[in-house]
Amino acid sequence: MPVPAHWPTTEAQALAEQERLRPLVQPHDDPDQPAAQLVAGVDVAYDDDHDLVVAAAVLLDVDTLAVVEQATAVGHIPFPYVPGLLAFRELPAVLDALAALTRTPDLVVCDGYGLAHPRRLGLASHLGVLTGLRTLGVAKTPFTFDHHQPDTPRGSTTPLTDPATGEEVGRTVRTQPGIKPVFVSVGHRIGLDTAVRTTLHLARRYRLPETTRHADHLCRRALADALSTRTATN
DNA sequence: GCGACAG
DNA sequence: ATCTTGTCGC
C-alpha cells in the first residue's frame with residue numbers, strides 16, 4: 001500500500017536515482033529466459049482532488065490473449081507530473097498492483113517509454129530494473145526524439161532516433177492500417193525487435209495492446225469504485 | 001532565454 | 001492523466 005521506503009521527493013533526488021539505475025538496464029533479449037507465456041499490462045488512473053492514485057495489473061495468456069488474473073492497488077499521489085520523471089508518480093502503485101498478483105508475469109507491458117527517454121530510463125526500464133522483470137514500453141504520443149511517419153500498412157515501422165548519437169532508441173509502430181502509430185521502446189531484458197514483434201502480436205485487433213486496454217479499463221473502474229466507497233464512508 | 005514535454 | 005458534445009460506425 002505505502003510508497004517504497006526512500007522514494008524520491010524532490011526532482012534532484014529523482015534525477016540522481018535515474019542516474020543510479022540507468023546503467024543497470026539490460027536492453028537486449030535475455031537468452032536465459034524462455035518465450036513469454038504470461039504477459040502483464042499495467043496502467044494508472046488519478047484523482048488529483050482526492051490525492052488518489054489507482055494502479056491495475058492484468059495478466060493475459062500470450063497465446064489466447066485471455067485474462068487469467070488481475071489486481072489493483074490504491075494509494076496517494078507520491079510525486080507531481082514532470083516530463084521525464086513520470087516513473088516517480090506511477091511506479092509505487094504499479095509495484096503494489098503487481099505484488100498483488102498470484103503469479104509472476106514473464107513480461108510487463110507499460111504505458112509510456114523505456115529507453116526512449118532523456119536519460120535512458122523511462123518508466124518501463126525503471127520498473128524492469130526495480131523488479132528484475134522483463135518489460136517494454138508502448139506510448140501513445142511522441143516525447144523526445146524525432147521520427148517519420150510509418151507507411152500505412154499494419155506492421156510498418158520507423159526508427160525513433162537520438163539525433164545526438166544516431167542511436168535507435170525506439171520505433172514508431174503502425175499497429176492498425178492507417179491508424180495513428182504507437183511508440184515502442186525497450187524496457188528491460190528485451191531487445192527492440194522482440195519488443196516490436198510482441199507489441200504487434202498484442203495489438204492484433206486494436207491500436208493499443210490488449211494488455212494496456214484491459215489495465216486501462218480496470219484502473220478506471222477501480223478509481224470510480226474507490227471514489228464511491230469514499231463517498232459512502234465519509 | 002524560449003518552447004516542448006510519456007501519463 | 002482529466003475535463004467534455006456530438007457524431008460516425010460496427
Side-chain angles (χ1 to χ4, degrees), chain A residues 3 8 11 14-15 17-18 21-22 25 41-58 72-97 108-129 135-147 160-164 169-173 175-188 192 195 199 204-209 211-228:
Chain A
V3 168
E11 289 193 23
L15 291 172
E17 177 70 344
Q18 291 188 329
L21 301 178
R22 148 189 216 175
V25 178
V42 293
D43 194 19
V44 174
Y46 301 92
D47 186 293
D48 294 285
D49 294 332
H50 297 291
D51 182 37
L52 219 50
V53 52
V54 176
V58 181
T72 60
V74 182
H76 294 294
I77 300 177
F79 205 87
Y81 171 66
V82 179
L85 300 180
L86 182 61
F88 298 97
R89 179 177 170 83
E90 308 215 323
L91 291 192
V94 168
L95 289 170
D96 288 338
V108 181
V109 179
C110 300
D111 225 355
Y113 290 91
L115 279 188
H117 173 277
R119 291 168 293 283
R120 297 292 190 282
L121 196 81
L123 79 170
S125 298
H126 196 140
L127 174 63
V129 171
T135 66
L136 70 83
V138 178
K140 300 181 288 297
T141 63
F143 184 25
T144 328
F145 308 124
D146 303 312
H147 67 275
L160 241 184
T161 311
D162 181 339
V169 297
R171 218 167 272 165
T172 67
V173 179
T175 54
Q176 291 302 318
I179 302 300
K180 180 183 182 191
V182 295
F183 302 80
V184 178
S185 58
V186 165
H188 184 57
L192 186 52
T199 297
R204 194 69 209 180
R205 239 343 289 241
Y206 301 94
R207 182 172 91 109
L208 297 178
T211 40
T212 300
R213 289 166 47 75
H214 283 292
D216 179 64
H217 294 164
L218 180 55
C219 69
R220 292 198 197 207
R221 286 205 313 268
L223 175 61
D225 292 346
L227 290 173
S228 63

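The sequence lines fix the lettering, A, B, ..., with proteins before strands; numbering per chain opens at 1. Source: prediction; values computed, not measured.
- Note on ring orientation: taking the six-membered ring where Trp is involved, the planes of Tyr113(A) and Phe183(A) are tilted (angle from 30° to 60°).
- Taking atom CD1 of residue Ile179(A) and atom C1' of nucleotide dC10(C), one finds them 14 Å apart after rounding to whole Å.
- Counting to the nearest Å, the P atom of dA1(C) and the NE2 atom of His76(A) are 22 Å from each other.
- Between the C1' atom of dA1(C) and the CZ atom of Phe79(A) lies a distance of 16 Å, rounded to the nearest Å.
- Following rounding to the nearest Å, Asp111(A) (CG) and dA1(C) (C1') show an atom-to-atom distance of 10 Å.
- More than 12 non-hydrogen atoms from other residues, nucleotides or ligands lie less than 6.0 angstrom from CZ of Arg119(A).
- Phosphate contact (OP1/OP2 of dA6(B), side-chain N/O of Lys140(A), threshold under 4.0 Å): absent.
- No contact: Gly137(A) has no heavy atom under 4.0 Å from any strand.
- When rounded to the nearest whole Å, the span between CZ of Arg220(A) and C1' of dC3(C) equals 12 Å.
- Computed from coordinates, the Leu227(A) CG to dT2(C) P distance equals 11 Å when rounded to whole Å.
- Taking the six-membered ring where the residue is Trp, Phe79(A) and Phe88(A) present tilted rings, their angle falling between 30° and 60°.
- At the heavy-atom level, Leu85(A) lies under 4.0 Å from base atoms of the strands shown.
- Residue contacts shown for Tyr81(A) include a base, since a base heavy atom lies under 4.0 Å away.
- Arg89(A) has no side-chain polar atom (N or O) that falls below the 4.0 Å cut-off from OP1 or OP2 of dA6(B).
- Within the nucleic acid shown, Pro118(A) has no heavy atom closer than 4.0 Å to any nucleic acid atom.
- Side chain of Gln18(A) to main chain of Gly84(A): a donor-acceptor pair is present (N/O by atom type, distance under 3.5 Å, no hydrogens or angles).
- Phosphate proximity of dG7(B) to Thr141(A): present, with a side-chain N or O under 4.0 Å from OP1 or OP2.
- With dT2(C), dG7(B), dA6(B) as the candidates, the nucleotide lying closest to the side chain of His117(A) is dA6(B).
- If you measure from atom CZ of Phe145(A) to atom C1' of dA4(B), you get 14 Å, rounded to the nearest angstrom.
- Each of Leu127(A), Thr135(A), Val108(A) was compared with His188(A) under the side-chain contact (heavy atoms from CB on, under 4.5 Å) criterion, and only Thr135(A) meets it.
- Between the C1' atom of dA1(C) and the CG atom of Asp51(A) lies a distance of 14 Å, rounded to the nearest Å.
- Ala116(A) comes within 4.0 angstrom of no nucleic acid atom, judged by non-hydrogen atoms across all strands.
- A distance cut-off of 5.5 Å between ring centres, combined with a plane angle under 30°, places Phe143(A) in a stacking arrangement with the base of dA6(B).
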